[in-house]
Structures are given as C-alpha cells and as structure tokens.
Amino acid sequence: MEEQTPKNPSRTARPDRKGWPNEYETVFVLPNDQTDEAAEKAAERLRAIVARENGRVVKFTFWGRKKTAFDIAKASRALYVHMSYLGNGKTVEEVERHLRNSEEVVRFQSSLVKKLVDAETRPTEPDVKLAGDIDERAPRPATPEGAPDLEAIPEELADEAAAEPAPE
C-alpha cells in the first residue's frame, strides 16, 4: 500500500479549537460614595459567576476613583473596576445579568478582546489596585509677604459697588 502524502506539505495540522474560550473584558462603575470593600465584594461575586459558567478570570484592575465624562447619579466622580476573563457568550450574559440587577453598579460595558484563546497560554494575573485620579486643582500658592491680598475687597470699593444701581 502506498503512503499518502498531504497535498500541501508546507501546511501543518491546526489544533482543534472547538473548546477554546474567547477573551472578554468588562468595565463597571460604582458610585463615588461606595467603599473599596464594596468593589472587592462585587469582584468576588463576579469571580464566582465566571467560575460557575466554566470560565476563568484573568485579572481584576481596580482603577480607583476617576472623573466621569458626565454626571452619573448626580456625581462627577465614580469608582471604576476592569475585569478581564475567558469564557463563552453565556458567561458574558451571566456577568451582564448580574451587573444589571446589582443595585451598586451604575454603568457597565463588556467587549470581546480576542476570539479563540488558548487558555493554557493566558495565565491568571494578580489583581491590581491603582490610585485613581488625584484632585486636578493645584494648591493655591501662598501670598508673599507685602503683596496685596486680592481676595479682600477694600471698603471704599465695596461701598462704591453697593451705591451703584444694578444693571438691567
């Protein structure tokens, strides 16, 4: 019997990717009045959900408190958390369902990072905590000695401003 040779010898056999998961990331936002412990509890609940759906959390990154582009629940700052995980579409559905029903989460967004990731090549990384934004306003410089205090209005100017009629 004659040995069969492949039609294209330069092609190698591809691995069976049928059971490989996709890599997703989800960012969720907690109100500014929530504590860091509340963010950690939410992260642990999401870790359990991903494990229950046969997925694996790769990494949590706590971005800290940041200024939002617009007010969310009448607040201009919020606590951001980023989660990277491996799973399938059902895993993402369960994560989003939990975030939608969670009272402490005000916004979230999930996205597909990469399709068909070999789980063996994507190790689990330790969680990271970042400081978040520092208040953007610089501290006021001290007034040098002998310089006029611009915040104090002289009495004669205050009396003149009070005597003038208000513009219509």
Worksheet item: What are the two closest heavy atoms between Leu99 and Phe28, and how far apart are they?
Response: CD2-CG, 4.1 Å
Worksheet entry | Tyr80 six-ring face occupied by Lys66 cation (under 6.0 Å, within 45°) | no
Worksheet item: Tell me, do Lys59 and Thr124 make a side-chain contact under 4.5 Å, heavy atoms counted?
Response: no
Worksheet entry | Closest non-hydrogen atom pair, Pro31 against Val106 | CG-CG1, 3.8 Å
Fill in: In one Ile/Leu/Val/Met/Phe/Trp/Tyr side-chain cluster, 4.5 Å: Val57, Leu112
yes
Fill in: Heavy-atom check, side chain of Tyr24 versus side chain of Leu86, under 4.5 Å
no
Worksheet item: Yes or no on side chain to side chain contact (heavy atoms under 4.5 Å, CB included) for Val81 and Phe60, after CA distance, side-chain angles and deciding distance?
Response: CA-CA 7 Å; Val81 181; Phe60 268 101; 3.9 Å; yes
Practice prompt. Please tell me if the side chains of Leu46 and Val95 come closer than 4.5 Å, counting only heavy atoms from C-beta onward.
Written response: yes
Worksheet item: Is there a path of hydrophobic side-chain contacts, each under 4.5 Å between heavy atoms of I, L, V, M, F, W or Y residues, that connects Trp63 with Val58?
Response: no
Fill in: Salt-bridge criterion met for Lys90 and Glu93 (N-O under 4.0 Å)
no
Practice prompt. Determine whether Arg100 and Phe108 make a side-chain contact, defined as any pair of heavy atoms from C-beta on separated by less than 4.5 Å.
Written response: yes
Practice prompt. Could you check if a side-chain atom of Lys129 sits within less than 4.5 angstrom of a side-chain atom of Asp36, using non-hydrogen atoms only?
Written response: yes
Worksheet entry | Spacing of NZ belonging to Lys67 relative to CZ belonging to Arg77, to within rounding of 0.5 Å | 8.0 Å
Discussion item. Does any part of the side chain of Val105, heavy atoms only, come nearer than 4.5 Å to the side chain of Leu30, both counted from C-beta?
Written reply: yes
Discussion item. Could you go through Arg122 and Arg56, starting from their C-alpha distance and side-chain angles, then the distance that decides it, and tell me whether this counts as side chain to side chain contact (heavy atoms under 4.5 Å, CB included)?
Written reply: CA-CA 10 Å; Arg122 191 69 171 99; Arg56 182 170 53 106; 4.2 Å; yes
Fill in: Gln109 side chain to Thr26 side chain, donor-acceptor N/O pair below 3.5 angstrom
no
Discussion item. Please tell me whether Ile72 and Val27 are part of a single hydrophobic cluster in this structure, the criterion being side-chain heavy atoms less than 4.5 Å apart.
Written reply: yes
Discussion item. Does either side chain, that of Ser110 or that of Glu96, offer a donor lying less than 3.5 Å from an acceptor on the other one?
Written reply: yes
Discussion item. I'd like to know if the side chain of Asn22 and the backbone of Gly87 have a donor-acceptor N/O pair within less than 3.5 Å.
Written reply: no
Worksheet entry | Side-chain heavy-atom pair Asp127, Thr61 within 4.5 angstrom cut-off | no
Item to complete: Answer yes or no: is there a side-chain heavy-atom contact under 4.5 Å between Glu25 and Met83?
Response: no
Practice prompt. State plainly whether the residues Lys41 and Glu104 are in salt-bridge range, i.e. N to O under 4.0 Å.
Written response: no
Worksheet item: What are the two closest non-hydrogen atoms of Phe62 and Ala43, and how far apart are they?
Response: CZ-CB, 3.9 Å
